[in-house]
Amino acid sequence: MPLLHAPALHVHHVSVRFGEAEVLSDVSFDLDAGEFLAIVGPNGAGKSTLIKVALDLVTPLTGHAALFGEDAGRHPERVGYVPQLKTFDRTFPATVLELVVSGLRRSWPAWVRAAERDAARAALAQVGAEKLATRTLPKLSGGELQRAFLARALVRRPSLVLLDEPATGVDFLAEHDLYDLLERYQAVGGATVAMITHDLAAARYHASRVAVLNRRLHGFGTPDDVLCESCLKKAFGHLRHAHGIAV
Amino acid sequence: MTELWEVFQLPFMQRALLAGLLVALMSSVLGVFVVQRGLSFLGDGLAHAAFGGVALGLLLGVEQPLWVALLFTLVASLGIAWVRDRTQLSSDTAIGIFFAVSVALGVMFVSLETEYSVDAWNLLFGSILGIGREELLIIMGVTPLSLGLLGVLWGRLAYATFDAELAQTDGVRVRGLEYLLFALAAVIIVASVRVVGAILIAAYLVIPAASARLVSRSLSGMTLLSVVFGLVGTAAGLVLSFFLEVPSGSTIILTQAAVFVVAAVFARR
Ligand SMILES: Nc1ncnc2c1ncn2[C@@H]1O[C@H](COP(=O)(O)OP(=O)(O)O)[C@@H](O)[C@H]1O
Ligand SMILES: [Mg+2]
């Protein structure tokens, strides 16, 4: 049963191990519907792993994640996922239209129906990429590819959008557009956004919640609370101490 | 032109053409996933596993050695899938190990049973002009089954080939699908190997799909073109080999390769 006021993302004492290495350690937080969460932390902090737990791609050793009160992975149609660009096969023969339709159909299209074409074009227009529809994936730039994947995630009208470093490889202006259109998408349907980013300034400006992660959750709250200098120093000082990472 | 018509009046040519076209049909659809997943060596590996299996079947003196071959090849194929799934080794390495072991075993089995060494030779190099009724029936049975399965699974297979993780987030059973793909490859290869030989079946799994890849903008387009190239290469190769009086299996491969060269030239744009 979906709970009436269940949080959009409920992370409950999640620990993840890969072999010997503990990648996430007892991470817990609740993200309410309609919030914009920025997940920040150094490379290797477990940020992508956390998102994969929410997608039911990684099964935690202990704890669990729930989306709108139901187990992760139960309702893929409610979740729009924008993966890190480096993961997929760049030589795959496909048009942008097919990519977007795959997000709608949740399977790869052998052919595209008229209604699917319209929905895909509307999603592309939403991210300012209607001109890309007939282009093929191997010929897109990083920024164009990012928009195509964003349209792919939004075309199913998800209540929760999960983005893994969507601003990486995108120029500054386009990055600004990205936040803009995510906020516009939220404003229309009241969707929740959780996004991994390296840009603390953008997180402070756009996010309503910030999670500082480095294996453990070092802070979770409003940007003002979590991104204050002393809080960061505490988290990053610990990081430097534990992992020798300069921030 | 009357001569061409007469060629296909010959029963052995009819059987060869029918068998060749059916093998082309199955393997060029499967080949799209083989090529796009970077498994081009798989056909070689499994065809040689089938060779080892048939050799074992002949040695054991069973009525239909293809059943032994099927078991042998399924074990090799699922073994490769398992190594891919559970270890850090690349597919090429996994395939290479099973390939070498199968050929070694096959040669050993053949040497133990000298009576059938001609059959074993045919297994490697094919005898598309010497197909028997039973082998033709097997292919006619396997073709609709594998095409049906590939048709039903195409969307999911394509999705998982594009990005396994994305497909998984949308509920595609990526792992099970991969094992199924490897099992299907084993079945198609075993059904085809007695007809076209180990070397030709490997070519069927790679060359039409690779040619199609060069000139396609989508995976569905690539699948269609791969089938067209597979069928055309088979028919043209058979006819050419008849008139030039050269081995038909080799001619089919060379015809497919000629299509590949043309596709490569067109792809440059
Ligand atoms: N599937 C996996 N198997 C083994 N180790 C992994 C796997 N995925 C991630 N890791 C390791 O877990 C750690 C955290 O990875 P990740 O969540 O990708 O970090 P981030 O996204 O914060 O950079 C890294 O050390 C990474 O090497
Ligand atoms: Mg990451």
Side-chain angles (χ1 to χ4, degrees), chain A residues 19 48-49 51-59 67 72-99 101-112 133-139 145 149 152-153 155-156 158 160 162 164, chain B residues 29 31-40 86-88 91 147 150-175 177-178 181 208-227 263 266-269:
Chain A
S48 296
T49 303
I51 280 200
K52 285 174 187 175
V53 169
L55 287 162
D56 195 30
L57 286 173
V58 167
T59 308
L67 277 49
R74 276 285 289 283
H75 290 286
E77 74 281 0
R78 290 184 191 165
V79 183
Y81 172 43
V82 180
Q84 237 171 325
L85 278 190
K86 59 187 174 215
T87 61
F88 88 101
D89 174 8
R90 283 231 183 192
T91 73
F92 195 86
T95 61
V96 170
L97 195 75
E98 288 176 309
L99 174 70
V101 170
S102 78
L104 193 60
R105 204 188 277 190
R106 297 197 282 122
S107 175
W108 197 262
W111 69 90
V112 174
T134 57
R135 299 266 302 276
T136 55
L137 298 190
K139 295 196 174 146
L145 211 48
F149 270 91
R152 179 195 179 280
V155 72
R156 64 177 65 168
L160 175 63
L162 301 172
D164 196 339
Chain B
V29 176
V32 168
F33 297 111
V34 168
V35 166
Q36 199 56 46
R37 286 176 178 230
L39 296 169
S40 296
R86 293 298 173 90
T87 74
Q88 308 285 328
S91 331
L147 284 181
L150 284 168
V152 169
L153 297 176
W154 193 90
R156 274 167 277 181
L157 275 169
Y159 201 7
T161 304
F162 172 65
D163 188 302
E165 214 164 61
L166 277 184
Q168 207 182 330
T169 62
D170 273 335
V172 176
R173 301 268 202 78
V174 171
R175 239 190 178 169
L177 210 54
E178 170 139 326
L181 186 72
S211 312
R213 171 69 192 86
L214 289 173
V215 289
S216 299
R217 287 167 50 89
S218 72
L219 200 75
S220 48
M222 178 178 167
T223 306
L224 276 181
L225 265 185
S226 176
V227 167
F266 269 93
R268 296 191 49 148
R269 264 171 291 199

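Naming convention: chains lettered A, B, ... in sequence-line order (proteins, then strands); numbering from 1 in each chain. Note that the structure is a prediction, hence the values are computed from the model and not measured.
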Could you check which of [options] has the highest count of heavy-atom pairs closer than 4.5 Å to chain A?
options: B:Ala167, B:Gly38, B:Ala158; result: B:Ala158
options: B:Thr223, B:Leu224, B:Thr161; result: B:Thr161
options: B:Arg156, B:Arg213, B:Met222; result: B:Arg213

> Does the side chain to side chain contact (heavy atoms under 4.5 Å, CB included) test come out yes or no for B:Ser220 and A:Glu98, once each step is laid out?
Replying inline: CA-CA 10 Å; B:Ser220 48; A:Glu98 288 176 309; 3.9 Å; yes
> side chain to side chain contact (heavy atoms under 4.5 Å, CB included) with B:Leu157: which of B:Val172, B:Val174, B:Val152, B:Leu150?
Replying inline: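 Among B:Val172, B:Val174, B:Val152, B:Leu150, the one meeting side chain to side chain contact (heavy atoms under 4.5 Å, CB included) with B:Leu157 is B:Leu150.
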> What class does the angle between the rings of A:Trp108 and B:Tyr159 fall in, given that below 30° is parallel, 30 to 60° is tilted and above 60° is perpendicular?
Replying inline: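 If you compare the ring of A:Trp108 with that of B:Tyr159, the planes turn out tilted.
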> Does the pair A:Tyr81 and B:Asp170 meet the rule for a side chain to side chain contact (heavy atoms under 4.5 Å, CB included), with working shown?
Replying inline: CA-CA 10 Å; A:Tyr81 172 43; B:Asp170 273 335; over 6 Å; no
> Contact part of A:Arg152 toward chain B, heavy-atom cut-off under 4.5 Å: side chain, backbone, both or neither?
Replying inline: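 Looking at A:Arg152, just its side chain touches chain B.
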>> Taking A:Gly103's backbone N and O only, do any of them form a donor-acceptor pair with A:Arg156's side chain (distance below 3.5 Å, no angle check)?
In response: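 The answer is yes, because a donor-acceptor pair under 3.5 Å joins these two groups.
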> When heavy-atom pairs shorter than 4.5 Å are enumerated against chain B, which of A:Ala72, A:Pro109, A:Pro76 gives the highest number?
Replying inline: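 Most heavy-atom pairs under 4.5 Å with chain B: A:Pro76.
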> Between A:Asp56, A:Val79, A:Thr136, which shows the greatest number of heavy-atom pairs under 4.5 Å with chain B?
Replying inline: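 Top option by heavy-atom pairs under 4.5 Å: A:Thr136.
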